[in-house]
Amino acid sequence: MTTRDFLFLLGSSRTGGNTETLARLAAEQLPAGTGQRWLDLRDLPLPDFEDRRHADGRPPTLTGNSATLLEATLTATDVVIASPLYWYSVSTSTKRYLDHWSGWLEAPGADFRRRMAGKTLWGVTALADDDPAVAEPLAGTLRNSARYLGMRWGGVLLGNGSRPGDVLTDTEAAARAKVFFS
Ligand SMILES: Cc1cc2nc3c(=O)[nH]c(=O)nc-3n(C[C@H](O)[C@H](O)[C@H](O)COP(=O)(O)O)c2cc1C
């Protein structure tokens, strides 16, 4: 029997937001025995990403929060990006985390590309807009990133809300959350 380990990466810039609420609703339905690790990207700030791919050949430094996030990413079978919709795409902390994937691809010994392949990438997002189509840039970012790394694409769970807690009144989102990971 294969055990799955879900890594939930929270990318909101506030606590108790709609995105986390929606992600937790979905996670409640995970089968018993499924691993869950929740990391808030605000607790693990990453430095500005520097693209050194074609520069001096120095490998990226894998210390501190970068090392923590790399280890968490590589040990998960399923990576869930829980980012609010900010300007139609992912939040800054989420985007920075994704930019660091580019450095991790170059990190000696990390074997990032091979180890990411076969994992599943999921997205969870809350947005204030009534039209879910406006979240397509976020969905496309995640979907194409999954494809680039040979990951399976699980899809995006969308919920509507502006103030924290609003998403709980989006009954359609709650229904989608119940079956999202199944
Ligand atoms: C910087 C910023 C940008 C936002 N951009 C959008 C947007 O492009 N489209 C939208 O529908 N809502 C947008 N919103 C509203 C948030 O998506 C909404 O309040 C959401 O519930 C926030 O998620 P959270 O509660 O998990 O923090 C934005 C909010 C902020 C603070």
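Order of listing sets the numbers, starting from 1, for every ligand and every atom in it.
Considering every non-hydrogen atom in both Phe181 and Leu30, the closest pair reads CB-CD2, 3.6 Å. Closest approach of Gly11 and Ser93 over heavy atoms only: O-OG, 3.3 Å.
Here's the thing with Glu20: none of its N/O atoms is less than 3.5 angstrom from an N/O atom of ligand 1. For the pair Leu127 and ligand 1, the shortest N or O to N or O distance does not fall below 3.5 Å.
With a 6.0 Å cutoff to the six-membered ring centre and a 45° limit on the axis angle, Arg24 counts as a cation-pi contact of Trp38. For the pair Arg143 and Tyr148, the cation-pi test (distance below 6.0 Å, angle within 45°) is failed.
For the 3.5 Å distance criterion, the side chains of Ser145 and Trp101 fail to qualify, holding no donor opposite an acceptor. With no hydrogens or angles considered, a side-chain donor-acceptor pair links Tyr86 and Ser13 at under 3.5 Å.
Residue Trp87 approaches ligand 1 through these ligand atoms, each under 4.0 Å from one of its heavy atoms: 1 (C), 3 (C), 4 (C), 5 (N), 6 (C), 7 (C), 8 (O). Of all atoms in ligand 1, listed by their number and element, those nearer than 4.0 Å to a heavy atom of Ala126 are 17 (O), 20 (C), 21 (O). The atoms of ligand 1 that sit less than 4.0 Å from any heavy atom of Ser12 are 24 (P), 26 (O), 27 (O). Those atoms of ligand 1 that come under 4.0 Å of a heavy atom in Asn18, given as number and element, are 21 (O), 24 (P), 25 (O), 26 (O).
Protein heavy atom at the shortest distance from atom 19 (O) of ligand 1 is Ser162 O, 3.2 Å. Atom 8 (O) of ligand 1 has Tyr88 N, 2.9 Å as its closest protein atom, hydrogens excluded (heavy atom only). Nearest non-hydrogen protein atom to atom 18 (C) of ligand 1 is Gly161 O, 3.4 Å. Given atom 10 (C) of ligand 1, the protein heavy atom at minimum distance is Ala128 N, 3.7 Å. Protein heavy atom at the shortest distance from atom 28 (C) of ligand 1 is Leu85 O, 3.5 Å. From the protein, the heavy atom lying nearest to atom 11 (O) of ligand 1 is Asp129 N, 2.8 Å. For atom 31 (C) of ligand 1, the closest non-hydrogen atom of the protein is Tyr86 CE1, 3.7 Å. Ranking protein heavy atoms by distance to atom 23 (O) of ligand 1, first place goes to Pro84 CB, 3.2 Å.
Contacts of Arg14 with ligand 1, taken as heavy-atom pairs under 4.0 Å, involve the side chain alone.
By the 4.0 Å N-to-carboxylate-O rule, Glu71 lies close enough to Arg37 to be salt-bridged with it. Of the charged side-chain nitrogens involved, at least one lies within less than 4.0 Å of a carboxylate oxygen, so that Arg114 and Asp111 count as a salt-bridged pair.
Ring geometry, Phe8 versus Phe6: the interplanar angle falls under 30°, so the pair is classed parallel (tilted spans 30 to 60°).
No side-chain donor-acceptor contact under 3.5 Å links Asp78 to the backbone of Lys119.
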